[in-house]
Amino acid sequence: MAKLTVYDHPLIKHKITRLRDKNVDSKLFRELVNEVASLMIYEVTRELPVIDVEVETPLMTCKGYQVSGDSIAVVPVLRAGLGMMDGIMNVIPMARVGHIGLYRDPKSLKPVEYYCKLPGSLEEKFVILADPMLATGFSAAAAIDLLKKNGAKKIVFACILAAPEGVKALSELHPDVDVYTAAYDEKLNENGYIVPGLGDAGDRIFGTK
Ligand code: URA
């Protein structure tokens with residue numbers, strides 16, 4: 001069973017509540033998604049490797065730590081995952097970035113791959129897969145399959161909302177991948193939407209509805 005982290009923090013709870021509000025427009029929605037993603041990254045990166053370095057303070061030399069860009073990759077699932085990227089990259093600007101394009105077939109709800117461009121030496125990287133909505137878990141599982149096929153060994157999944165169905169599917173298909181979600185919702189409805197949810201994250205981020 002993968003480790004599931006559900007954030008229990010006043011700022012995240014406040015921002016998630018604003019995200020759920022159907023009257024929040026795309027500009028504010030984007031800002032909130034990025035702010036939540038930034039706040040989440042602190043925990044998501046807790047196991048990130050650091051390199052020992054020396055640093056000259058104005059007073060003396062002392063021991064310090066450095067996160068190498070070569071050790072970390074962030075991979076948003078297109079298109080909604082892009083909505084989390086500014087927030088993530090503000091906190092870890094040294095990270096390499098890959099992209100995985102998947103869309104959900106509206107009938108089968110199964111993911112279809114249409115794009116994959118990943119950083120090199122993935123096997124040495126701490127890989128953060130980002131997608132705001134963990135619904136059925138099919139897209140996340142397919143994206144993780146692709147990452148593993150490309151050599152990734154350490155993968156964590158970061159989302160804004162998760163449904164129990166998605167967490168269950170992911171922990172069965174990829175028990176080695178830890179899941180971080182800002183909120184954990186009740187269930188999926190008959191159309192595969194998370195309820196109470198926040199609607200279609202991609203549409204709300206990009207204003208396509
Ligand atoms: N994708 C979304 O954008 N919203 C959902 O509720 C489920 C999947």
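Remember, predicted model here, so these are calculated numbers, not experimental data. Counting convention: from 1, in listed order, for ligands and their atoms alike. In what follows, every heavy atom counts, from backbone to side chain, and hydrogens, waters and symmetry copies are set aside.
- For K125 (side chain) and D70 (main-chain N/O), a donor-acceptor pair under 3.5 Å exists by modelled atom type.
- Distance alone, capped at 3.5 Å, is enough to place a donor-acceptor pair between the R20 side chain and the G197 backbone.
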* To do: Determine, stepwise, if the pair I194 / L188 fulfils side-chain contact (heavy atoms from CB on, under 4.5 Å).
  => CA-CA 5 Å; I194 298 175; L188 295 183; 3.7 Å; yes
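- The 12-atom threshold is exceeded at CZ of F206, counting heavy atoms of other residues, nucleotides or ligands nearer than 6.0 Å.
- Annotation: atom 5 (C) of ligand 1 to nearest protein heavy atom, Y193 CD2, 3.5 Å.
- Those atoms of ligand 1 that come under 4.0 Å of a heavy atom in G192, given as number and element, are 7 (C).
- Each of the following atoms of ligand 1 lies closer than 4.0 Å to a heavy atom of G199: 2 (C), 3 (O), 4 (N), 5 (C), 6 (O).
- Under 4.0 Å is where a charged nitrogen must lie from a carboxylate oxygen, and between D8 and K13 at least one such pair does.
- The nearest protein atom to atom 6 (O) of ligand 1, hydrogens excluded, is given as I194 N, 2.7 Å; this is a heavy-atom distance.
- Atoms of ligand 1 lying under 4.0 Å from any heavy atom of A135, numbered from 1 in the order shown and given with element: 7 (C), 8 (C).
- Of the protein's heavy atoms, M133 CG, 3.5 Å lies nearest to atom 2 (C) of ligand 1.
- Contacts between A201 and ligand 1 below 4.0 angstrom, taking non-hydrogen atoms only, involve backbone and side chain alike.
- Both tests hold for R46 against Y42: distance to the six-membered ring centre under 6.0 Å, angle to the ring axis within 45°.
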